[in-house]
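Written below as C-alpha cells is the structure these notes are about.
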Amino acid sequence: MTVSKEAIGSILDGILLKPVRLYALKVSQRPNHTLIEVELDHLENRFGSVSLLECEQVSRKLKEELERISPDLDYTLKVSSAGAERSLDLPGDLDRFRGIPVRLVYRVEGSDTQKEGVFKILDRRGDQVILELFSKRAKGSGKKKEAILNTKDILKGNLYVSI
C-alpha cells in the first residue's frame, strides 16, 4: 500500500500549528516501502530553527494519522529542521532574514555573468535589496562595503553559517 505526497501534505496541514510550518516534503516510493522526509521551519525563530521537541511532536502526530488511514503502510519517517544553511525562499526571505549572513548567487546587472558573495541584508526597498559585504573580522575594523542588487538579479541564496 502507498500514500501520496498530497495526502501527507494534507495531514501536515492539519497537524502543524503556527509558528511552525512545512518547509519541504519529500516522499520516495519504492516497492513495498515509502520514505517520508519532512523539513520544518519556525517562523518566529531568528534562524528558522525548529526544536527537537517540535520535530518529535510532528513525527508522533503524523505517525498516528498514517496508522489510522493506512495501517499496512511500510514506511520510514524523518522529521527535521530545515537546517542552518537552508535555501532561501526568494524574495520573501530577504525580509525575514534581515541582518543575518546569506550566501547569494546573482547576475551582474546588464550581463549574463554570475557572481557569488556573502552579505548581510540591511534593507529591501521595492525591487532593490541593500546589502553589506559580510566579513568575519571584528566589528569596527574599517568601512563597511555596501551593495545594491535588484531582486530579479538574485538567482538563489541560502543562510550562511560562519565558523
Side-chain angles (χ1 to χ4, degrees), residues 5-6 8-28 35-66 76-109 113-163:
K5 181 177 180 177
E6 292 75 22
I8 295 168
S10 180
I11 293 168
L12 287 166
D13 285 344
I15 290 172
L16 296 174
L17 301 173
K18 291 200 186 251
V20 175
R21 74 170 178 108
L22 181 64
Y23 177 80
L25 172 62
K26 185 176 176 184
V27 179
S28 304
L35 174 61
I36 304 166
E37 296 174 280
V38 177
E39 291 183 1
L40 302 173
D41 185 21
H42 196 295
L43 297 172
E44 293 178 358
N45 181 284
R46 182 169 185 232
F47 300 97
S49 299
V50 180
S51 73
L52 185 56
L53 179 61
E54 289 163 324
C55 290
E56 288 173 359
Q57 290 170 339
V58 169
S59 179
R60 184 176 31 81
K61 289 177 183 177
L62 182 54
K63 282 181 184 180
E64 288 170 2
E65 283 300 306
L66 289 171
T76 301
L77 175 61
K78 295 180 180 181
V79 178
S80 64
S81 179
E85 292 196 346
R86 71 181 58 211
S87 295
L88 298 177
D89 181 18
L90 298 169
D93 279 349
L94 296 172
D95 294 321
R96 180 176 175 200
F97 293 113
R98 192 173 290 178
I100 296 174
V102 295
R103 180 183 308 275
L104 299 176
V105 175
Y106 57 95
R107 182 177 31 251
V108 176
E109 191 173 4
T113 305
Q114 291 182 14
K115 285 193 171 185
E116 182 177 321
V118 178
F119 305 92
K120 281 189 181 178
I121 302 166
L122 299 178
D123 198 7
R124 187 171 121 178
R125 297 184 193 125
D127 291 338
Q128 292 190 323
V129 183
I130 294 83
L131 305 163
E132 177 184 287
L133 191 59
F134 178 72
S135 173
K136 292 182 188 177
R137 289 186 216 142
K139 293 180 182 177
S141 62
K143 188 176 178 183
K144 308 280 188 205
K145 293 183 183 178
E146 285 191 8
I148 297 175
L149 291 177
N150 288 314
T151 55
K152 67 178 175 47
D153 291 328
I154 300 173
L155 306 174
K156 64 182 178 179
N158 59 283
L159 294 183
Y160 176 77
V161 178
S162 62
I163 299 174

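Note that these values count all heavy atoms, side chains included, but never hydrogens, waters or copies made by symmetry.
From Leu133, atom CG reaches atom NZ of Lys120 across 11.5 Å, with rounding to the nearest 0.5 Å. Summarising the geometry, atom CG belonging to Asp123 is positioned 10.5 Å from atom CD belonging to Gln128; distances are rounded to the nearest 0.5 Å. For the atom pair Ile100 CD1 and Asp93 CG, the distance stands at 10.0 Å (nearest 0.5 Å). Here Cys55 contributes atom SG and Arg60 contributes atom CZ; the two are 12.5 Å apart, rounded to the nearest 0.5 Å. How far CD1 of Ile121 is from CG of Leu94: 5.0 Å, rounded to the nearest 0.5 Å. To the nearest 0.5 angstrom, Leu66 atom CG is 6.0 Å from Ile8 atom CD1.
Side-chain atoms of Glu54 come within 3.5 Å of backbone N or O of Ser51 as a donor-acceptor pair. At distances below 3.5 Å, at least one donor-acceptor pair connects side-chain atoms of Glu85 with backbone N or O atoms of Val161. Formation of a donor-acceptor pair under 3.5 Å by the Lys5 side chain with backbone atoms of Leu25 is found in this model.
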For this session: Decide side chain to side chain contact (heavy atoms under 4.5 Å, CB included) for Leu35 and Lys78; before the verdict, give the C-alpha distance in whole Å, the side-chain angles of both, and the deciding distance to 0.1 Å.
Result: CA-CA 8 Å; Leu35 174 61; Lys78 295 180 180 181; 4.2 Å; yes
Exercise. After noting the C-alpha distance and the side-chain angles of Ile130 and Arg125, does the key distance pass the side chain to side chain contact (heavy atoms under 4.5 Å, CB included) rule?
Worked result: CA-CA 8 Å; Ile130 294 83; Arg125 297 184 193 125; 3.6 Å; yes
Problem set entry | Leu88/Ile154 under side chain to side chain contact (heavy atoms under 4.5 Å, CB included): CA gap, chis, key distance, verdict | CA-CA 11 Å; Leu88 298 177; Ile154 300 173; over 6 Å; no
For this session: Just do the side chain to side chain contact (heavy atoms under 4.5 Å, CB included) check on Val58 and Leu16 with the steps written out, would you?
Result: CA-CA 7 Å; Val58 169; Leu16 296 174; 3.5 Å; yes
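Ser49 approaches Ser81 most closely through the heavy-atom pair CA-OG, 3.9 Å. In terms of heavy atoms, Phe134 sits closest to Pro101 at CE1-CG, 3.5 Å. The shortest non-hydrogen separation linking Gly117 to Tyr106 is N-CE2, 4.1 Å. Between Phe47 and Asn45, the shortest heavy-atom distance links the atoms N-OD1, 2.8 Å.
For Asp95, the side-chain contact (heavy atoms from CB on, under 4.5 Å) partners are Arg98, Arg124, not counting sequence neighbours.
Within the structure, salt bridge (charged side-chain N to carboxylate O under 4.0 Å, His left out) pairs that include any residue of residues 35-45 comprise Arg21-Asp41, Asp41-Arg86, Asp41-Arg96 (at least two apart or interchain).
Between Ser87 and Tyr23 the shortest side-chain heavy-atom distance falls below 4.5 Å. Contact check for Leu12 versus Leu62: side-chain heavy atoms found under the 4.5 Å cut-off.
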